[in-house]
Engineer: 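Okay, handing you the structure first.
We name chains A, B, ... by the order of the sequence lines, and we start the count at 1 in each one.
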2 protein chains.
Amino acid sequence: MPRIVTIRTVAERAGCSIATVSRVINRSAPTSSAVEARVRAAVAELGFRPSEIGRALKTLRTRTLGVVIPSLTNPVFAASVAGMQSAARERQHTLLLTATDYEPGAEAELVETLVAQNVAGLILTVADAAENATLDLLEAEGIPYVLVHNEPTRPGRAAVCVDNAAATFALTGTMIAAGHRRIAYLAGRFATSDRARRRHEGYRAAMAAAGLEPEAPLELDYLGDAPSHAEALAGLFCAGARPTAALCSNDLLALSVVGALRTLGLRVPDDISVAGFDGIALGGAVHPTLATVDTPTRLMGAHAVAMLFTMIEAGAAPRVEHLPFTLRPGGTLAPRV
Amino acid sequence: MPRIVTIRTVAERAGCSIATVSRVINRSAPTSSAVEARVRAAVAELGFRPSEIGRALKTLRTRTLGVVIPSLTNPVFAASVAGMQSAARERQHTLLLTATDYEPGAEAELVETLVAQNVAGLILTVADAAENATLDLLEAEGIPYVLVHNEPTRPGRAAVCVDNAAATFALTGTMIAAGHRRIAYLAGRFATSDRARRRHEGYRAAMAAAGLEPEAPLELDYLGDAPSHAEALAGLFCAGARPTAALCSNDLLALSVVGALRTLGLRVPDDISVAGFDGIALGGAVHPTLATVDTPTRLMGAHAVAMLFTMIEAGAAPRVEHLPFTLRPGGTLAPRV
DNA sequence: CCAGCCCGTGAAATCGTTTTCAGGAACTTA
DNA sequence: TAAGTTCCTGAAAACGATTTCACGGGCTGG
């Protein structure tokens with residue numbers, strides 16, 4: 001029994017045409033105050049709210065933004081979506097949310113779905129922004145989009161992100177300054193994603209700048225069961241000449257690594273220092289607190305929406321916006337004595 | 001430059017009427033294999049995808065589910081939305097996601113927005129399911145909805161939840177069995193929400209059943225800064241005869257409480273045992289691991305979607321589905337020696 | 001061989017809006 | 001008073017799909 005009160009109902013009640021009702025509602029043209037009052041009264045009495053669908057069909061524009069992220073389970077993405085949601089709401093828009101769940105082919109399919117819904121624009125975090133047929137398609141169709149977390153190398157792609165390389169460069173520098181020489185690099189399942197690559201580059205650059213030998217990255221599934229992590233880490237950290245510190249490519253991984261090291265009988269940070277990346281809230285709630293790079297995740301989502309609107313409304317050209325990161329000291333990172 | 005290829009373009013290309021194209025696409029009526037082949041070819045060549053808007057306007061039904069939650073920042077809600085998303089995707093639907101950010105009046109407004117988009121149904125977590133004008137409105141309009149996390153007392157409201165009272169009853173029982181007699185109850189900002197109330201009831205019932213005196217609940221903002229929590233807890237736990245255990249109404253709060261107690265110089269669990277509620281993933285990543293009630297959050301989201309579909313498609317009557325919880329032992333809860 | 005059926009197809013109505021176009025009333029100005 | 005403005009309003013045409021209705025051709029059965 002959906003939607004029985006349409007603009008026609010209102011028009012009858014107010015004794016005018018539907019065109020006039022539309023004009024009153026959207027203030028799209030001047031109306032006499034008498035008519036306007038009658039229309040407003042009718043709207044209120046009937047509880048009328050214009051159908052977004054009817055409106056969208058005519059204008060071919062919806063008040064909806066499409067979102068594609070890998071997963072909501074990762075607090076980083078959850079936080080940025082939260083930022084998008086509140087920024088969108090301020091502008092009377094809603095989010096059509098989809099997640100790939102790390103399924104490779106899903107990106108293209110989800111974008112297609114969203115485009116079929118005539119979203120006003122898209123915000124997405126993709127595996128690789130460089131060679132991405134889906135993004136090419138959006139550009140070909142002229143549908144505005146903004147990337148979040150991705151750092152596109154190719155010009156012409158709009159994005160909101162932090163400078164991942166600079167951030168790991170700085171973080172690695174802090175660890176080196178604390179006296180660490182052998183710093184392991186532990187990567188999550190994102191080893192193939194563009195941002196993970198950039199982070200790794202920053203690590204290598206910092207090591208090289210200090211005249212140190214970068215370690216080969218060790219790839220781990222984050223938030224996989226801790227036992228498996230312990231096993232994977234045993235080889236590296238239970239050897240004679242082991243690293244004194246571990247740089248993890250994200251916070252979830254870092255928290256898991258701290259736990260795994262503990263089960264191996266290694267103390268953090270006494271035996272091994274650990275640092276993460278992202279700055280998720282819970283990093284500050286654990287003990288010892290997690291040393292990490294604090295990235296303004298929620299803000300990134302909000303800025304992405306803002307940027308998308310400048311593109312939609314003002315036709316602004318795509319650009320890359322770098323948001324500032326800060327190093328967050330934490331108990332897991334101690335000077336090497 | 002949106003959407004240049006419509007069903008009409010396809011019809012011309014295939015040399016048939018738009019009605020036939022529609023029939024082929026939806027298999028809504030038999031077509032000759034020759035025509036069908038031509039239409040499919042045209043669809044493929046043109047990359048045609050039917051406009052959800054056009055379709056929705058005619059049928060007055062969208063392939064979209066509206067979601068209203070308090071916040072994405074809480075991993076509990078993020079996880080249940082993740083479950084909804086994947087369940088919806090299996091059924092070729094997408095989520096229109098909104099969050100109230102704990103703003104009191106927002107619920108009604110968001111639901112109105114979603115209804116204006118002609119969502120097929122709604123899934124929501126509200127502050128109070130008992131006396132809720134918004135839900136009454138949905139029922140009056142005949143729009144199907146399912147609550148998640150809420151435990152409606154009034155019959156006729158569909159919901160997927162755990163038995164919060166039974167769960168805290170069990171958890172409190174475990175603590176009592178471990179020898180604790182004075183068990184503090186710490187509540188989050190949800191003190192007013194129906195599920196928080198149910199949890200508190202379970203605690204009180206368990207205490208009463210054991211012939212113990214329930215403590216007055218202490219209300220805290222969760223994930224507020226730890227210092228403020230330490231301050232708030234100091235009075236209770238630095239007294240002479242202090243509780244030996246604290247039951248927290250959710251995991252985020254519990255993690256924060258553990259940290260706050262630590263800053264007060266109290267050891268967990270040696271001096272004070274702590275337990276949470278929800279079973280968020282990170283509870284297992286911290287040390288000591290968090291004792292808690294494990295609730296199938298993601299599953300709840302998925303089940304909510306499933307239930308919603310039975311209501312939409314089969315016209316099933318609203319019902320309350322209780323999902324099982326399990327007590328998850330953890331290092332924060334130790335026997336009192 | 002003819003009547004009757006079934007099957008595939010197209011024309012047209014419809015969904016709820018926005019928007020263009022034209023017309024009528026009121027008012028100003030010569 | 002006539003002509004020219006200005007303003008407000010309504011009729012009607014979109015937008016892109018689904019769906020009803022009717023029709024024509026090829027069957028089948030008597």
Engineer: Are there any protein N/O atoms within less than 3.5 Å of an N/O atom in nucleotides 20-27 of chain C, and if so, which ones and at what distance?
Structural biologist:
none

Engineer: Once you round to the nearest 0.5 Å, how far does CE of A/Met84 lie from CG of A/Leu97?
Structural biologist: 8.5 Å
Engineer: If you compare every side-chain N and O of A/Arg55 against the phosphate oxygens of C/dG16 (OP1, OP2), does one of them come in below 4.0 Å?
Structural biologist: no
Engineer: Answer yes or no: is there a side-chain heavy-atom contact under 4.5 Å between B/Val39 and B/Cys16?
Structural biologist: yes
Engineer: Report the distance from atom CG of A/Leu60 to atom P of C/dG16, rounded to the nearest whole Å.
Structural biologist: 18 Å
Engineer: Between B/Arg38 and B/Gly15, what is the shortest heavy-atom contact and its length?
Structural biologist: NH2-O, 3.5 Å
Engineer: Tell me every residue that passes side chain to side chain contact (heavy atoms under 4.5 Å, CB included) with B/Ala29, counting only those two or more places apart in sequence or in another chain.
Structural biologist: B/Arg23
Engineer: Which nucleotide sits closest to the side chain of B/Ser51: C/dT18, D/dA17, C/dG8?
Structural biologist: D/dA17
Engineer: Determine which pairs satisfy ring-ring contact (aromatic ring centres under 6.0 Å, His included) with at least one residue from residues 12-43 of chain B, sequence neighbours left out, and list them in order.
Structural biologist: none
Engineer: By nearest atom, which of the nucleotides C/dT18, C/dG10, D/dA11 is closest to the B/Thr20 side chain?
Structural biologist: C/dG10
Engineer: Calculate the interatomic distance between B/Glu52 atom CD and C/dC15 atom C1'; express it in whole Å.
Structural biologist: 15 Å
Engineer: Over all heavy atoms of both residues, which pair between A/Ala120 and A/His93 is shortest? Give the atoms and the distance, please.
Structural biologist: CB-CE1, 4.5 Å
Engineer: Expected output is a numbered-order residue list: members of residues 31-42 of chain B with a heavy atom under 4.0 Å from any atom of DNA chain C. What is it?
Structural biologist: B/Thr31, B/Ser32, B/Val35
Engineer: End-to-end bend of the helix from C/dC1-D/dG30 to C/dA30-D/dT1 (five-pair axes, 10° rounding)?
Structural biologist: 50°
Engineer: Looking only at the side chain of B/Asn26 (C-beta and beyond, no hydrogens), which of the listed nucleotides D/dA17, D/dT18, C/dG16 gets closest?
Structural biologist: D/dT18
Engineer: Rounded to the Å, how far apart are B/Arg63 CZ and D/dT18 C1'?
Structural biologist: 13 Å
Engineer: Is a salt bridge present between A/Glu36 and A/Arg40, judged by a nitrogen-to-oxygen distance below 4.0 Å?
Structural biologist: yes
Engineer: Can you pull every protein N or O that's under 3.5 Å from an N or O on nucleotides 22-26 of chain D?
Structural biologist:
none

Engineer: Are the side chains of B/Leu124 and B/Tyr145 in touch, meaning some heavy atoms are under 4.5 Å apart?
Structural biologist: yes
Engineer: Take the protein atom CZ of B/Arg27 and the nucleotide atom P of D/dT18, then report the distance between them rounded to whole Å.
Structural biologist: 14 Å
Engineer: Would you mind reporting whether B/Thr125 and B/Val68 have side-chain heavy atoms less than 4.5 Å apart?
Structural biologist: no
Engineer: Taking the side chain of A/Phe48 as heavy atoms from C-beta outward, which of C/dT17, D/dT18, C/dT19 is closest to it?
Structural biologist: C/dT17
Engineer: Of the options D/dA17, C/dT17, C/dG16, whose atoms approach the side-chain atoms of A/Leu57 most closely?
Structural biologist: C/dG16
Engineer: In whole Å, what is the span from the CD atom of B/Glu12 to the P atom of D/dG16?
Structural biologist: 13 Å
Engineer: In terms of the nearest nucleotide of DNA chain C, which residue is placed more toward the 5' end: B/Lys58 or B/Pro30?
Structural biologist: B/Pro30
Engineer: Take B/Glu103 and A/Arg89 through the salt bridge (charged side-chain N to carboxylate O under 4.0 Å, His left out) test and state the conclusion after the steps.
Structural biologist: CA-CA 13 Å; B/Glu103 196 185 299; A/Arg89 188 147 87 92; 3.2 Å; yes
Engineer: Let me know the distance between CD1 of A/Ile4 and P of C/dC15, rounded to the nearest Å.
Structural biologist: 14 Å
Engineer: Do NZ/NE/NH1/NH2 and the carboxylate oxygens of A/Glu139 and A/Arg157 come within less than 4.0 Å?
Structural biologist: yes
Engineer: Report the distance from atom CD1 of A/Ile18 to atom P of C/dC15, rounded to the nearest whole Å.
Structural biologist: 12 Å
Engineer: Is a salt bridge present between B/Arg195 and B/Glu151, judged by a nitrogen-to-oxygen distance below 4.0 Å?
Structural biologist: no
Engineer: For residues B/Asn118 and B/Val115, determine if any side-chain heavy atom of one lies less than 4.5 Å from a side-chain heavy atom of the other.
Structural biologist: no
Engineer: Under 4.0 Å between a side-chain N or O of A/Ser17 and OP1 or OP2 of D/dT9?
Structural biologist: no
Engineer: Could you state the CZ-P distance from B/Arg8 to C/dA11, rounded to the nearest angstrom?
Structural biologist: 11 Å
Engineer: Closest approach of B/Pro144 and B/Ile312, non-hydrogen atoms and distance?
Structural biologist: CG-CG1, 3.7 Å
Engineer: So that I can tick it off, tell me whether B/Arg197 and B/Asp128 are bridged by a salt bridge, with the cut-off set at under 4.0 angstrom between side-chain N and carboxylate O.
Structural biologist: yes
